[in-house]
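Every chain is numbered from 1 and lettered A, B, ... according to where its sequence line falls, protein lines coming before strand lines. None of these values were measured; they are calculated from a predicted model.
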Protein chains: 2
Amino acid sequence: MESTFGIIAEPNRRAILSLLAFSERSVGEIEHQLRMPQPSVSKHLRVLREAGFVEARVDAQRRVYRIRAEPLMEIDAWLVPFRRFWSAHVDALERHLDRVDRVRPGKRKKR
Amino acid sequence: MESTFGIIAEPNRRAILSLLAFSERSVGEIEHQLRMPQPSVSKHLRVLREAGFVEARVDAQRRVYRIRAEPLMEIDAWLVPFRRFWSAHVDALERHLDRVDRVRPGKRKKR
DNA sequence: AAAGTAGATTCCATTACAGGTATATACTTG
DNA sequence: CAAGTATATACCTGTAATGGAATCTACTTT
């Protein structure tokens with residue numbers, strides 16, 4: 001059930017990936033930089049590893065994790081058919097990000 | 001909670017979006033083309049709408065849904081830092097830098 | 001106005017998943 | 001070998017999200 005897209009639905013996992021995008025890191029480094037409990041880091045890394053987003057290199061007692069491209073490419077590929085909706089006007093993202101940062105104004109979901 | 005990324009974790013929702021990438025469609029059209037129960041389609045469309053992925057145009061008793069670009073752009077933007085892992089101009093040097101270019105406070109000694 | 005059509009909403013049951021805590025494993029150093 | 005460090009795993013629990021079925025609302029046609 002955990003598809004490629006399901007994996008990156010989790011904010012802490014995205015944070016880990018974004019951190020690893022800069023450079024590879026050990027579990028402890030991730031733990032400190034993201035300030036999350038070690039078991040949590042290990043569990044997320046396991047999920048990411050089993051889904052192919054990262055791979056680990058063993059260095060004594062530590063494991064150094066790094067990005068693997070393939071699953072991210074899959075997401076990128078899924079996005080392709082949608083690019084035509086914005087390749088024209090790039091600045092709409094800023095407007096969108098502004099909107100979601102505010103507390104959502106009710107879109108008449110309740111009455 | 002349901003972030004932009006959480007929304008597209010659901011396979012049926014991705015199917016709906018991919019369908020709408022071709023052209024706008026009514027609920028009934030989505031229902032038949034994807035062969036899913038109508039309440040399910042409506043519920044997913046609601047989630048997509050509230051997250052800004054789609055918007056609806058009213059046409060008598062039917063509602064015609066179409067793609068909105070912004071949330072998809074947000075995903076595309078998140079992917080940017082990872083592109084270097086697979087784009088053509090990534091060469092051996094860049095991969096090498098991934099390993100060594102960290103200048104961190106070294107709190108451990110070398111082996 | 002009654003019947004028909006399109007879509008939305010509610011309720012319910014199930015399940016999957018993330019967080020927390022405790023513990024286990026593996027390697028290293030004194 | 002004992003102690004310490006780094007990471008992984010197991011267990012438990014609460015929550016949130018999904019699917020199904022029934023029902024409701026709105027618009028249209030005759």
Side-chain angles (χ1 to χ4, degrees), chain A residues 1-17 19-20 24-51 53-66 104 106-111, chain B residues 1-17 19-20 24-66 71 102 104-111:
Chain A
M1 187 145 182
E2 284 281 18
S3 74
T4 301
F5 291 85
I7 304 292
I8 59 164
E10 219 290 322
N12 294 305
R13 272 187 310 253
R14 287 201 304 281
I16 291 173
L17 289 175
L19 193 58
L20 295 180
E24 57 174 35
R25 277 166 162 93
S26 71
V27 177
E29 288 168 339
I30 297 169
E31 180 189 344
H32 292 123
Q33 301 199 26
L34 300 184
R35 296 185 178 172
M36 41 189 303
Q38 177 269 317
S40 183
V41 173
S42 279
K43 279 190 281 189
H44 286 307
L45 282 171
R46 157 124 98 147
V47 174
L48 289 169
R49 187 175 1 103
E50 288 177 348
F53 281 85
V54 300
E55 61 189 351
R57 168 168 62 85
V58 175
D59 170 34
Q61 330 94 300
R62 69 178 65 110
R63 311 220 169 158
V64 180
Y65 282 85
R66 61 170 169 272
R104 282 172 197 270
K107 329 181 153 179
R108 73 180 181 81
K109 45 180 180 186
K110 284 219 120 152
R111 76 235 95 119
Chain B
M1 330 216 168
E2 281 283 16
S3 74
T4 302
F5 291 85
I7 304 292
I8 60 164
E10 219 291 320
N12 294 306
R13 277 192 301 257
R14 287 201 304 281
I16 292 174
L17 289 175
L19 193 58
L20 295 180
E24 53 173 38
R25 291 188 204 221
S26 70
V27 176
E29 287 168 339
I30 297 169
E31 179 188 346
H32 292 122
Q33 300 199 28
L34 298 184
R35 296 189 177 169
M36 44 189 302
Q38 178 269 316
S40 183
V41 174
S42 279
K43 279 188 283 188
H44 285 307
L45 282 171
R46 154 122 99 146
V47 175
L48 289 169
R49 187 176 359 103
E50 289 178 347
F53 281 85
V54 300
E55 60 189 351
R57 165 167 62 86
V58 175
D59 170 33
Q61 332 95 296
R62 68 177 62 117
R63 316 233 160 144
V64 180
Y65 282 85
R66 63 170 167 273
R102 286 182 296 155
R104 307 172 308 92
K107 58 168 73 163
R108 63 178 202 272
K109 62 176 194 171
K110 297 271 185 180
R111 19 159 216 97

Legend entry - Side-chain donor/acceptor of B:Arg63 to backbone N/O of B:Ser26, under 3.5 Å: no
Inset, instruction - Kindly indicate whether the side chain of A:Phe53, heavy atoms from C-beta on, has any atom under 4.5 Å from the side chain of A:Ile8. - result: yes
Inset, instruction - Compare all side-chain heavy atoms of A:Val27 with those of A:Leu45 and state whether any distance is below 4.5 angstrom. - result: yes
Inset, instruction - Quickly work out the A:Phe5 CZ to D:dT18 P distance and round it to whole Å. - result: 16 Å
Inset, instruction - Measure the distance from CG on A:Leu48 to P on C:dC17 and round it to the nearest whole Å. - result: 14 Å
Legend entry - B:Val54 side chain reached by B:Leu17 side chain, heavy atoms, under 4.5 Å: yes
Legend entry - Any side-chain heavy-atom pair of B:Ile30 and B:Leu19 under 4.5 Å: yes
Legend entry - Nearest-angstrom distance from the residue atom CZ of A:Arg25 to P of D:dA6: 17 Å
Inset, instruction - Using atom CZ of B:Arg62 as one end and atom P of C:dT5 as the other, report the distance to the nearest whole Å. - result: 12 Å
Inset, instruction - Would you give a per-nucleotide map of nucleotides 18-23 of chain C, 5' to 3', where B means the base has a protein non-hydrogen atom under 4.0 Å away, S means only the sugar-phosphate does, and - means neither? - result: SBBBB-
Inset, instruction - In whole angstrom, give the distance that lies between atom CG of B:Leu45 and atom P of C:dA6. - result: 16 Å
Legend entry - Any B:Tyr65 side-chain N or O less than 4.0 Å from OP1/OP2 of C:dA8: yes
Inset, instruction - Could you tell me the separation between the CD atom of A:Glu29 and the P atom of D:dA6, rounded to a whole number of Å? - result: 11 Å
Inset, instruction - Decide whether a cation-pi geometry holds between A:Arg14 and B:Phe5; the criteria are a distance under 6.0 Å from NZ or CZ to the six-membered ring centre and an angle within 45° of the ring axis. - result: yes
Legend entry - Nearest-angstrom distance from the residue atom CZ of B:Arg46 to P of D:dC24: 17 Å
Legend entry - Whole-Å gap separating P (D:dA3) and CD (A:Gln61): 18 Å
